[in-house]
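Comments concern the structure below.
Just so we're clear, the structure is a prediction, and the values are computed from it rather than from any experiment. Letters A, B, ... mirror the listed sequences (proteins, then strands); counts begin at 1.
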Amino acid sequence: MPELPEVETVVRGLRQTILNKTISSVSIDSPKIDRDNPPGWQKTLHGKVFLNVRRRGKNILIDLIGNLTLWVHLKMTGHLYFMPSKNKIDKHDLLIFTLKDNSHHLRFNDYRRFGRVRLFKTDQVMSQKGLVELGPEPLEIKSDEFMELFKSKRRMIKPALLDQTFIAGLGNIYTDETLYLSRLHPRRLTDSISKPKLAELHGHIQKMLRKAIRLMGTSVDSYAGVNGRPGGFQKYLNVYGREGEPCIRCGTALRREKIGSRSAHFCPNCQRNR
DNA sequence: CGTACAACCTGCACGC
DNA sequence: TGCGTGCAGGTTGTAC
């Protein structure tokens, strides 16, 4: 599922629902969720209060009292849902937090089981592998820093944008869409792009991410927010999932190609690899 | 250092 | 209807 706008939508949904609520119990239905955590970890959470919810790239950090932080990564199909506890348990509800009022659950659901939920001490979580190496936040990086980043490496732009240590938060949909808007070929080398073009790309990335957040993300498959509702940005996709359809700008059939073992969607006419 | 690919899982769309 | 194939919003480890 989830790239930066979807994760940000989940984070905002959590802030509106679980903040200041107390966990009464946690039940686990997957040994995979357990495997990165110390034995009996869920008991540590009993009686703890949700203090704060943060995002770093595509990572969700849920702080609790007692110097504890839940580090959640949704990977492809992970979901966090806030719902009445009477709702039917789904076979892919892997982790269920019962809140103290007993009327609601926070559930981690993931049918592909790639997602991760791990418990750390708050003051140690950001130095964990997977979080320390993250690149800059695309909504915070300034245009000149963005240009320097691109000049510092020589690699294909599409895999670079997907590399979370290069820049954190973009995924396959938003990289294809921003490259299209910027008329950049996905194989174009990062250090071969002019500064004005990079400034344009920087602008498109920020504008697109903000709009996608406003529309609560893109739902092309199973993605949904904490309240179970899908996002609205899929209406604005120009290239992703449109292989063979005419380019909106020039009418050329859009193409899909494997680049860096991910499919890249682009217009072969508008996005030349000069 | 950059690139390519398999692996981790389940489900769905598609062709036959 | 059933079966095989390919594909999926992400990340990691390994090999060249």
Exercise. Does the ring pair (Phe, Tyr, Trp, His ring centres under 6.0 Å) test come out yes or no for Phe266(A) and His185(A), once each step is laid out?
Worked result: CA-CA 7 Å; Phe266(A) 63 101; His185(A) 192 284; 4.9 Å; yes
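- A salt bridge links Arg56(A) with Glu137(A): the distance from a Lys NZ or Arg NE/NH1/NH2 to an Asp or Glu carboxylate oxygen falls below 4.0 Å.
- Between Asp110(A) atom CG and dA8(C) atom C1' the separation is 13 Å, expressed in whole Å.
- In the set dC8(B), dT10(B), dG2(B), dG2(B) carries the atom at the smallest distance from any side-chain atom of Arg155(A).
- Salt-bridge check for Lys75(A) with Asp110(A): failed, with every basic side-chain N at 4.0 Å or more from each acidic carboxylate O.
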Polar atoms only, N or O, under 3.5 Å: list the protein pairs with nucleotides 11-16 of chain B and their distances.
| unit_1 | atom_1 | unit_2 | atom_2 | d |
| --- | --- | --- | --- | --- |
| dG11(B) | OP1 | Lys91(A) | NZ | 3.4 |
| dG11(B) | OP1 | His92(A) | NE2 | 2.9 |

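- A salt bridge links Arg187(A) with Glu257(A); the closest basic N to acidic carboxylate O contact falls under 4.0 Å.
- The side chain of Met156(A) approaches dA4(B) more closely than any other nucleotide in the set dA8(C), dA4(B), dC9(B).
- Look at the C1' atom in both dC1(B) and dG10(C): the space between them is 23 Å, to the nearest Å.
- Counting any heavy atom pair closer than 4.0 Å across all strands shown, Tyr174(A) reaches no nucleic acid atom.
- If you measure from atom CD of Glu243(A) to atom C1' of dC7(C), you get 11 Å, rounded to the nearest angstrom.
- Rounding to whole angstrom units, NZ of residue Lys75(A) and C1' of dA7(B) are separated by 11 Å.
- Atom-to-atom, CG of Asp163(A) to P of dA4(B) comes out at 14 Å; the value is rounded to the nearest Å.
- Here Arg155(A) does not pair with Asp191(A) in a salt bridge; the nearest charged N to carboxylate O distance is not below 4.0 Å.
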Seminar exercise, completed: Per-residue pairing states of DNA chain C in dot-bracket (Watson-Crick or G-U under 3.5 Å; . unpaired, | other strand) read .|||||||.|||||||
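- The line from CD1 of Ile62(A) to CG of Leu70(A) is 5.5 Å long, rounded to the nearest 0.5 Å.
- Between the C1' atom of dG2(B) and the CZ atom of Phe166(A) lies a distance of 13 Å, rounded to the nearest Å.
- Only the P atoms considered, dC5(B) is 15 Å distant from dG6(C), to the nearest whole Å.
- Note on ring orientation: taking the six-membered ring where Trp is involved, the planes of Phe120(A) and Trp71(A) are tilted (angle from 30° to 60°).
- Using a 4.0 Å cut-off between a side-chain N of Lys or Arg and a carboxylate O of Asp or Glu, Lys142(A) and Glu145(A) do not qualify as a salt bridge.
- Rounded to the nearest Å, the gap between the P atom of dT5(C) and that of dA6(B) is 16 Å.
- A heavy-atom distance below 4.0 Å to DNA chain C is reached by these residues of residues 256-263 of chain A, ordered by number: Arg256(A), Lys258(A), Arg262(A), Ser263(A).
- Geometrically, Lys211(A) engages Tyr236(A) in a cation-pi contact, judged by NZ or CZ lying under 6.0 Å from the ring centre and within 45° of the ring axis.
- Each of Lys129(A) and Lys58(A) was matched to the nucleotide of DNA chain C holding its nearest heavy atom; the match closer to the 5' end belongs to Lys58(A).
- Remark: Arg15(A) is not positioned above the aromatic ring of Phe50(A), lacking an NZ or CZ atom under 6.0 angstrom from the ring centre and at most 45 degrees off the axis.
- Each of Asp93(A), Asp29(A), Asp90(A) was compared with Arg107(A) under the salt bridge (charged side-chain N to carboxylate O under 4.0 Å, His left out) criterion, and only Asp93(A) meets it.
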